Structure formats: structure tokens, C-alpha cells
Amino acid sequence: MSRCTSARKVYDWNAVPWRKLERNVFKIQKRIYRAAQRGNKQLVRKLQGLLTRSWSAKMIAVRQVTQQNQGKKTAGVDGAVALKPSERQPLVRQLRVKDGKKVKPTRRVWIPKPGREEKRPLGIPTIYDRALQGLVKIALEPEWEAIFEENSYGFRRPRGCHDAIAAIFGSIKLKPKWVLDADIAKCFDKIDHKALYEKLNNSTPIRKKIWEWLKAGVMDRHEYQPTYAGTPQGGVISPLLANIALHGMETEIRDIVPKGITKQKEIGVVRYADDFVIMHKDRKVIDAAKEVISKWLKGIGLELKPEKTRIAHTLEGDDPGFDFLGYNVRQYRVGKYRSGKTQKGYKTLIKPSAKSIKNHKEKLKAVVDSHKAAPQAALIRKLNPIIRGWCNYYRTVVSKEVFGELDTYVWEIIWRWANRRHPKKANAWIAKKYWKAEGSQQWNFMDNKGAKLIRHSETEIVRHIKVKGTASPMDGNLVYSS
């Protein structure tokens, strides 16, 4: 893999052999991953240095922030973006971890939180710093993927929410348990810089550059503010740094249970970014875990969010179960429940949460209300991606009944939409104009050109196969699910 020099040029950005560059980078990442597993830090640092200097890695980093990321059109404090191929190639040649440049502060942008008046602060670095962060992430990620804990699922490709939910189901399906459902307050904003810096334990150039990013400060409404803690939400490397800061949580919690072949496995820990659940059959263990994790979080400058921290039982009590990542996890009594006996007397069901269903309905209604005068095809084009995305997220759990109820709701709001457009027409006329028969379905909201509104209930329920243990695609085995 050759280094990126000023003489190296790519004359046609659209003709770049991206698959080849990705293979080049992946070969080095795989070597870093395996060296980290063996504990060979000297080789890890050498390969990371090679990767941060490679032309292939720089090209991929620039492509990510200028073409693939959603915020590619958002500028930092310098107002610069690199959207044209002629602007990207000079950016590739400029990228160096040892650049000697003073890091510019991030631009503060406030975005609303869904369903709240409160706003979330984003820190938008300059396009150069975003590309350099992407380059450092490419080198840093395989090292940490080799040591991250088994039940950490947030911001780790291709792990995701479905893996976290499957892990929860596996932990409680055989026995009802007490659950600590917790959230960390302002995780990205309060991470202690010194604690994170010590955890990195990396080569001097990468470590120094990350420290400069952490201390760069922010520009909020043309006013400079220094940063004493936290990683800027909006930075390419911020999710990885948050995972590094929270690494060790699972081990800390398991240590409160006596060591043994099966005893430590009795306590279930599942973390997705700054949300996590702890599960055990004994309430005293859950109370002890809450104290231990509160103390451990203080060591990295964090604390639990009281209003989002709750202890519940999956089966018993006035309000059993809990919500996690938009799902409701709960056990229901079936037949006669016998505690400690062979007969379970309950079943574990995971469904879309009531809050998620409510938010989805509000979103659908808002779209219909905003398209009062729009053509039928335009309304269908707007609704279909929303319905398809929501159903794909919940298709792995017990959602069939919810899908049917949502179809009824969609029919009701669309019927009101049609009646509002033609207040003087009979119902039969309205039905004939906007609904067509197709196959076994008699009421299909579709126009004369074939544009059709999809139904929630058309989505097939497919169970998710959870990622196996600490497996990672960076170990070279791309088929790694259990």
C-alpha cells in the first residue's frame, strides 16, 4: 500500500476503484485486529501508522465525509465543504495526522429532540477535521473491536438494535428477572477528557490529535466557548470515543457476582451506546449493580439520569416489563405460574412500545395533513418510505397485531383526507376514485398509474439472528452470526 504524496492524483473521481481501495484498507485493519487480540501493541501501533499514511485510507475517509454522510453539506466554522471532485482530491493530499495545524473549534448547532422542547447540541468540525477524524477512526477501530465487550452493540458495525434486543430475550426467556433500565445523562457532553485520554493508550500522533479535537472548543452564535469535557456530537470519531470511554462497564458489573463457571453468566448486561439494562433474578443484585455502576461512571465524569433509570420485574408487579430502544420487553402469565418449577407458566413477548406506536401515528398524520392539496401519488410517495422503514425495524419481534391496527389507523386518516377533498361527493364515488381492487385485497389506496400505498401487515415477520459473542467482521470471517 503506497503513501499519499502530492504527486499522486486521481483524474476522475467517479472512476476510482473503490472496491480495490476498500480491500487494501481491510487487509491492514484485519492485521491490526489480530495483533490486538494477541496483545502485540508494538505491531498494532506500526500498522496504525501505516494506515493513517496510506492513500487508500485517505481516499475512503474523504469519500465518507463528502459523499456518504448525511451532513456532507454542513460546513464547519470555516464555511468550507468539499462537494466537487476537484475539491476532494486536494483534501486527500492534505490529510496528515502530524499536520502541525491548529485544530479549529467546532460549530455549535442546536437540533430539536423528538417529542420534546429540549434541544440537542451538535458540534460540527470543519470538513478537513471530519476527514482526518474518519482517517483516525479507520486506524483506531480494529484495535478496539478486538477488545470491546461482548454485549456492547451501539455504534459498532454491523451490530445494531436488533442484536441488543435478541440478547435481552436470550437472557430472560428461561427465567423472570429483575431489570435495571438506565440511561446515562448527557453522555457525549460530560465524558472526562483525562479519563478518556488514559484509556486510549495509543501512539503519540493519534493520541495527541484526539486530545486537540477534544480541547478545540466550540463556536456558538459567534461566541467561542472552551470545552472541558465531552466529545462533540457531530464528529466522525465521537461515537467510537464514547464506546471507548464506556468500555469496561460490563466487566465491572459482572464482578459483583461471585466468579464461577455459570454464576457470572446469570447476570445479563446489554448496552447500546449510553442506554443499558442489567438483568438478574435477585433484586439485591440489581440494587448492588446500580450502586456499583453509579460509582464507576463517576470515574469518567458521568452519572445516571434519574428520570430514565427504573427498576422493574419482567413478570410481576403493577407495571411489569420495560421499554428499550423503542421496544417493550415483558413476560405474560400463561396457565398456572409455578415459581422455580419446570412448568414456566409465562411467555416472553417483545413488541413495539406504546410510545413508538404513538410517535409513528403522529408522523403519519402530520404527513397526511401536510398533503391536503397534493396529488394522491405524492402522498403515497411520502408515506411509503415511512411505513416501510418503521415495519423493517419492528419486523423481528411480535408485531403482526400492531401492524394490523396501524393499517386501520392509516385507512381512517386517509379516508378523512379524501372526504375533505370532496365534501359534496358520495362515499361510493370517493372510494371508487381513490381505492382499487387488486388480487385478494379490495381496498388498495392507489392511483390510475399504479402508485400504491403499502400496508404495514404486508411486512413479513422474520426473526433476527444475533451476532455471536465477540465476533467481528474485522477478523476476516464475514459470516459470523450464530
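What you are looking at is a predicted structure, and each value in this text was computed from that prediction instead of being measured.
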Does [X], at its [atom1] atom, have more than 12 non-hydrogen atoms belonging to other residues, nucleotides or ligands within less than 6.0 Å?
| X | atom1 | answer |
| --- | --- | --- |
| Gln68 | CD | yes |
| Lys101 | NZ | yes |
| Glu460 | CD | no |
| Lys199 | NZ | yes |

>> Once side-chain hydrogen bond (donor to acceptor under 3.5 Å, both in side chains) is applied, what residue pairs with a partner in residues 317-332 remain, sequence neighbours excluded?
In response: His162-Tyr327, Arg310-Asp319, Thr314-Gln331, Asp323-Asn328, Gln331-Thr348
Please answer whether the main-chain N or O of [Y] pairs with a side-chain N or O of [X] as donor and acceptor at a distance below 3.5 Å.
| X | Y | result |
| --- | --- | --- |
| Glu250 | Asn151 | yes |
| Ser399 | Arg395 | no |
| Arg96 | Arg93 | yes |
| His193 | Gly230 | yes |
| Ser54 | Leu51 | yes |
| Lys104 | Asp78 | no |
| Lys363 | Ile386 | no |
| Glu212 | Lys102 | no |
| Thr126 | Gly76 | no |
| Gln37 | Ala146 | no |

> Do the numbers put Arg108 on top of the ring of Trp110, so that NZ or CZ is under 6.0 Å from the six-membered ring centre and no more than 45° off the axis?
Replying inline: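 Relative to the ring axis of Trp110, which defines the angle, Arg108 lies inside both limits.
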Could you grab the distance from atom [atom1] of [X] to atom [atom2] of [Y], nearest 0.5 Å is fine?
| X | Y | atom1 | atom2 | result |
| --- | --- | --- | --- | --- |
| Met219 | Gln225 | CE | CD | 9.5 Å |
| Glu143 | Phe148 | CD | CZ | 9.5 Å |
| Lys58 | Leu135 | NZ | CG | 7.0 Å |
| Leu214 | Leu200 | CG | CG | 8.0 Å |
| Trp213 | Arg130 | CH2 | CZ | 12.5 Å |
| Lys137 | Leu241 | NZ | CG | 10.0 Å |

Can you give me the closest heavy-atom contact between [X] and [Y], atom names plus distance?
| X | Y | value |
| --- | --- | --- |
| Ala242 | Ile191 | CA-CD1, 3.9 Å |
| Ser152 | Arg156 | O-NH1, 2.8 Å |
| Val81 | Glu87 | O-OE1, 3.7 Å |
| Gly326 | Tyr394 | O-OH, 3.0 Å |
| Thr459 | Lys400 | O-NZ, 3.3 Å |
| Phe276 | Ile293 | CZ-CG1, 4.1 Å |

Would you call [X] and [Y] a side-chain contact if the rule is heavy atoms closer than 4.5 Å?
| X | Y | answer |
| --- | --- | --- |
| Val329 | Met279 | no |
| Thr396 | Ile350 | no |
| Ile244 | Leu196 | yes |
| Thr106 | Pro125 | yes |
| Glu316 | Arg333 | yes |
| Arg283 | Ile311 | yes |
| Trp55 | Met59 | yes |
| Met474 | Arg157 | yes |

> Hey, mind stepping through Trp211 and Lys208 against side chain to side chain contact (heavy atoms under 4.5 Å, CB included) and telling me if it holds?
Replying inline: CA-CA 5 Å; Trp211 182 257; Lys208 183 180 178 182; 5.6 Å; no
Looking only at the side chains, is there a donor atom on one of [X] and [Y] sitting less than 3.5 Å from an acceptor on the other?
| X | Y | value |
| --- | --- | --- |
| Asp99 | Tyr128 | yes |
| Asp475 | Ser472 | no |
| Asn243 | Arg271 | yes |
| Ser356 | Tyr393 | no |

> Among Val65, Val103, Val77, which residue meets the side-chain contact (heavy atoms from CB on, under 4.5 Å) test with Asp129?
Replying inline: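 Checked Val65, Val103, Val77 against Asp129; only one passes side-chain contact (heavy atoms from CB on, under 4.5 Å): Val103.
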> Picking from Ile165, Leu325, Asp163, what satisfies side-chain contact (heavy atoms from CB on, under 4.5 Å) with Tyr153?
Replying inline: Asp163
>> side chain to side chain contact (heavy atoms under 4.5 Å, CB included) for Val179 and Phe324? Distances and angles first, verdict last.
In response: CA-CA 11 Å; Val179 178; Phe324 189 67; over 6 Å; no
> For the salt bridge (charged side-chain N to carboxylate O under 4.0 Å, His left out) test, which of Lys298, Lys190, Lys290 pairs with Glu303?
Replying inline: Lys190
>> Please evaluate residues Ile184 and Leu246 with respect to the criterion side chain to side chain contact (heavy atoms under 4.5 Å, CB included), reporting the C-alpha separation (whole Å), side-chain torsions for both, the decisive distance (0.1 Å), and the verdict.
In response: CA-CA 10 Å; Ile184 301 172; Leu246 295 172; 3.7 Å; yes
> Which word best sums up how the rings of His456 and Phe403 line up, parallel for under 30°, tilted for 30 to 60°, or perpendicular for over 60°?
Replying inline: tilted
> Do any pairs count as a salt bridge (Lys or Arg N to Asp or Glu O under 4.0 Å) and have a residue in residues 219-246, sequence neighbours left out, and if so which ones?
Replying inline: none
> Which pairs, with at least one residue in residues 59-77 and sequence neighbours excluded, count as a salt bridge (Lys or Arg N to Asp or Glu O under 4.0 Å)?
Replying inline: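 Found Glu22-Arg63.
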> Taking it one step at a time, do Leu302 and Asp274 satisfy side chain to side chain contact (heavy atoms under 4.5 Å, CB included)?
Replying inline: CA-CA 10 Å; Leu302 300 174; Asp274 57 346; over 6 Å; no
> Can Asp275 and Lys308 be said to form a salt bridge (charged side-chain N to carboxylate O under 4.0 Å, His left out), step by step?
Replying inline: CA-CA 10 Å; Asp275 293 337; Lys308 285 194 173 183; over 6 Å; no
